[in-house]
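One structure is given below, encoded as structure tokens.
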Amino acid sequence: MRTLFYNGNILTLEDEVPQQAMLVENDTIRAVGKNEELETAAPDAEKVDLKGATVLPGFIDAHSHLSSYANSLLQASLTQADSFQSVVELLRAFAKDNALKPGQWLIGNGYDHNKLREKEHPTKQLLDEAFPDNPVVLLHQSGHFGVFNTAGLEIAELTGKDRDGYLEETVFVDAVKKLPMPAPEQLMSAYKQALAHYASFGITTIQEGLMVEQMLPLYQMLLAQNALTLDVVGYPQLDDEKLFYDAFPDSAAGYVNGFRLGGYKIILDGSPQGRTAWMKTPYVGSDDCFGVSSMTDEQVLAALRKAVADGRQLLAHCNGDAAVEQLLSAAEKIADKQALAAIRPVIIHAQLLETAQLPRVKELGFLPSFFVAHCYYWGDVHIQNFGMARAETISPAKSALEQGIRFTFHQDTPVLEPDMLRTVWCAVNRKTKDGVLLGEAERISALDALKAVTINAAYQYGEEASKGTLAPGKKADFVVLEQDPLQVPSEEIADIPILQTYKSGKCIYKKI
């Protein structure tokens, strides 16, 4: 089947000259060019009039957590909570709407203590009083912290390990693994909804950024039902890598029913808005708060050596400059630097990466994947935690660009919705919620921001031969926008409507 998309503003990102038409055959782009040329070349093709709309390569998500996003759709959303009282009210409404019975878990996700009137985490006493008949857990928006009530702590066997119900980092992550799984039919419905959400934002390739043992049966079910409508690249945590590579051996070599294993994942520190990102200097207002270090130097070096020996990519969660330093110092001990660069290791988040560290990032072959949307969503908090001078250099994309370092952007979904255009807007404008310009020197152009979520993201995945630009022979993964993000005022980029998303030549999302 051949389809001719014509009368468009097609930004191939192969060069800066827009094209008018694109010919797609089945799942592959065959040609791009002028209307008349392609109409003559393919007179029998089915025609789609773009009516002046802008076409871009499908957006590529450089880091997120599909399963966590799917699960979040089955939980009480607390993203709008602004006080302890509103947390309780949102939980009560969810429990009522879902006819929650005594003894069943009540799970709320997406609260942020920085946004609450109390500026503190809720307590187990609050949850005990409001929900005496149910185990309760609240999952922080960062994914690094949470609060259990007394019943929840007892079931998770964590009594005494908490601070007034509050848990963080490794202890919290281990606790979440003990939560009961939803019914299979509920999960399949949630995955379908999550995939549709990604597609609605123009995304055609996504990531499962931390695969743990509990996810294995879920992915066996997803692949058996051929349920993945987007390409998904999975990264098992290092301790569970053999489990997944043994279970999905063919997915190590390429996509099988939409799923591919991309390498390994390690976590070196925590979250800057929660003051657990590992820093060289203490957080503002404290002489001894440097954040949290999650791995020893020996463990980081061992992880890098294994990834290089196996020829598999390593994703390293590093928010703070001390965590980045630990990673770079370990990498400098790898004897075969060429083999290290060949696996295209990624610094995930890289928010407090120092500009002085960038030459070593480049020399060692690392790709930073910046969580640049933090500039807007938590920029004001970062000013409080680090001071203005340090906060202004968060996610230093322009500095990386000037040094010739490839970088990508992500939303760390479900931390944020997978809104790529909003992220592009953040990189271009760098405005906080309070309207503060957070680092004018680190602003980049709309074109460079778009490359971060297309060409560069394809390179990060080692898929630049088939994705990232619109060119003959590449996959027909593309997004149709109502306006051109290179032409509208920069303040309006985030509000451009996404009209359609195509995966392998098929329309998987259409704006009603």
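Sequential numbering from 1 along the given sequence is applied to the chain's residues.
One distance of note links NZ of Lys398 with CD of Gln403; it measures 12.5 Å at 0.5 Å rounding. Between Asp419 atom CG and His197 atom NE2 the span is 12.0 Å, to the nearest 0.5 Å. Taken to the nearest 0.5 Å, the CG atom of Asn257 stands 10.5 Å off from the CG atom of Asp250. For the atom pair CG (Asp412) and NE2 (His63), the distance works out to 4.0 Å, reported to the nearest 0.5 Å. To the nearest 0.5 Å, atom CG of residue Leu56 and atom OG1 of residue Thr469 are 11.5 Å apart.
Evaluation of the side-chain hydrogen bond (donor to acceptor under 3.5 Å, both in side chains) test over residues 182-196, restricted to residues two or more places apart or in two chains, returns Ser67-Tyr191.
Gln75 and Asn109 share a donor-acceptor pair across their side chains, judged by distance under 3.5 Å alone. Side chains of Ser64 and Thr413: a donor-acceptor N/O pair is absent below 3.5 angstrom, by distance only. The closest side-chain donor-acceptor pair between Gln141 and Lys115 falls under 3.5 angstrom. Checking Ser445 against Asp448 by side-chain atom types alone, a donor-acceptor pair falls below 3.5 Å. Using modelled atom types, one finds no donor on one side chain facing an acceptor on the other under 3.5 Å when comparing Asp269 with Ser294. In this structure, a donor-acceptor pair under 3.5 Å is present between the side chains of Tyr264 and Asp310. Remark: the Thr205 side chain and the Lys467 side chain contain an N/O donor-acceptor pair separated by less than 3.5 Å. Checked by atom type, the side-chain pair Tyr461/Gln207 shows a donor-acceptor distance below 3.5 Å. Judged purely by distance below 3.5 Å, without hydrogens or angles, the side chains of Gln411 and Thr423 pair a donor atom with an acceptor atom. Judged by distance alone, the side chains of Ser399 and Glu442 do bring a donor and an acceptor atom under 3.5 Å apart. Counted by atom type alone, Asn429 and Ser490 present one or more donor-acceptor pairs between their side chains at under 3.5 Å.
Contact detail for Val24 and Gly505: the closest heavy-atom pair is CG1-CA, 4.2 Å. Smallest separation of non-hydrogen atoms from Ala391 and Leu438: O-CG, 3.6 Å. Between Asp336 and Ala339, the shortest heavy-atom distance links the atoms OD1-N, 3.0 Å. In this structure, Leu481 and Ile498 approach most closely via the heavy-atom pair CD2-CG1, 3.6 Å. Here the shortest heavy-atom pairing between Gly202 and Thr501 reads CA-OG1, 3.4 Å. Pairing each heavy atom of Ser77 with each of Leu90, the nearest pair is O-CD1, 3.9 Å.
Looking at Arg2 and Glu46, no side-chain N of the basic residue comes within less than 4.0 Å of a carboxylate O on the acidic one, giving no salt bridge. Ionic pairing of Glu464 and Arg344 is present here: one or more N-O contacts between side-chain nitrogen and carboxylate oxygen are shorter than 4.0 angstrom. A salt bridge is defined here as a Lys NZ or Arg NE, NH1 or NH2 lying under 4.0 Å from an Asp or Glu carboxylate O, and Lys306 with Glu241 meets this definition. A salt bridge does not link Asp380 with Lys433: none of the charged nitrogens is closer than 4.0 Å to a carboxylate oxygen. The existence of a salt bridge linking Glu25 and Arg30 is confirmed by a sub-4.0 Å separation between a basic side-chain nitrogen and an acidic carboxylate oxygen.
Within the 3.5 Å criterion, the main-chain N or O of Asn7 finds a donor-acceptor partner in the side chain of Asn35. The backbone N or O of Gly439 sits less than 3.5 Å from a side-chain atom of Arg430, completing a donor-acceptor pair. Listed for the Thr432 side chain is a donor-acceptor partner under 3.5 Å among the backbone atoms of Val436. Within the 3.5 Å criterion, the main-chain N or O of Leu486 finds a donor-acceptor partner in the side chain of Asp484. With Lys265 contributing its side chain and Tyr235 its backbone, the two residues share no donor-acceptor pair below 3.5 Å. Under a 3.5 Å cut-off, the side chain of Trp425 and the backbone N or O of Glu492 do not form any donor-acceptor pair. When atom types are taken as modelled, the side chain of Gln460 and the backbone of Ala62 share a donor-acceptor pair closer than 3.5 angstrom.
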**Message:** Under the criterion side chain to side chain donor-acceptor pair (under 3.5 Å), I'd like the reasoning laid out for Glu36 against Tyr6: C-alpha separation, chi angles, the key distance, then a yes or no.
**Reply:** CA-CA 9 Å; Glu36 299 80 8; Tyr6 68 104; over 6 Å; no
**Request:** Give the intermediate values and the outcome of side chain to side chain contact (heavy atoms under 4.5 Å, CB included) for residues Leu11 and Val55.
**Result:** CA-CA 6 Å; Leu11 306 181; Val55 177; over 6 Å; no
**Prompt:** Under the side chain to side chain donor-acceptor pair (under 3.5 Å) criterion, do His144 and Ser142 qualify, and how do the steps go?
**Reply:** CA-CA 5 Å; His144 288 257; Ser142 69; 5.3 Å; no
**Request:** Could you give me the CA-CA distance, side-chain angles and deciding distance for Ile347 and Leu367, then say whether side chain to side chain contact (heavy atoms under 4.5 Å, CB included) is met?
**Result:** CA-CA 6 Å; Ile347 306 173; Leu367 287 83; over 6 Å; no
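Each of Thr204, Asp27, Asp477, Thr229 was compared with Lys503 under the side chain to side chain donor-acceptor pair (under 3.5 Å) criterion, and only Asp477 meets it. Of the residues Glu208, Met211, Lys242, the one that meets the side-chain contact (heavy atoms from CB on, under 4.5 Å) test with Pro236 is Met211.
Dense packing is recorded around NZ of Lys337, with more than 12 heavy atoms of other residues, nucleotides or ligands lying under 6.0 Å away. Atom CD of Glu402 has more than 12 neighbouring heavy atoms from other residues, nucleotides or ligands inside a 6.0 Å radius. Sparse packing is recorded around NZ of Lys506, with 12 or fewer heavy atoms of other residues, nucleotides or ligands lying under 6.0 Å away.
In this structure, His317 and Ile266 have side chains that are not in contact, with every pair of non-hydrogen atoms separated by 4.5 Å or more. Side-chain atoms of Leu353 and Asp321, non-hydrogen and from C-beta on, never get closer than 4.5 Å to each other. Within the 4.5 Å cutoff, the side chain of Pro184 has heavy atoms near those of the Met221 side chain. The shortest side-chain heavy-atom distance between Asp61 and Phe201 does not fall under the 4.5 Å cut-off. Residues Ile60 and Thr454 fail the side-chain proximity criterion, which asks for heavy atoms closer than 4.5 Å. Inter-residue side-chain proximity for Leu447 and Leu13 is flagged as met; some heavy-atom pair is nearer than 4.5 Å. Taking the side chain as every heavy atom from C-beta outward, Pro272 and His382 approach each other to under 4.5 Å.
Between Tyr502 and Phe5, the ring center distance clears the sub-6.0 Å criterion.
Taking the six-membered ring for Trp and thresholds of 30 and 60 degrees, Trp378 and His374 have ring planes inclined between 30 and 60 degrees apart. Classified by interplanar angle (parallel below 30°, tilted 30° to 60°, perpendicular above 60°), the ring pair Tyr198/Tyr69 is perpendicular. Classification of the Tyr219-Phe259 ring pair by plane angle, with boundaries at 30° and 60°, yields tilted. In this structure, Phe370 and Phe409 have tilted ring planes: the angle between them lies in the 30° to 60° band.
With a 6.0 Å cutoff to the six-membered ring centre and a 45° limit on the axis angle, Arg260 does not count as a cation-pi contact of Phe248. Both the sub-6.0 Å distance and the 45° axial angle are satisfied by Arg422 relative to the ring of Tyr376.
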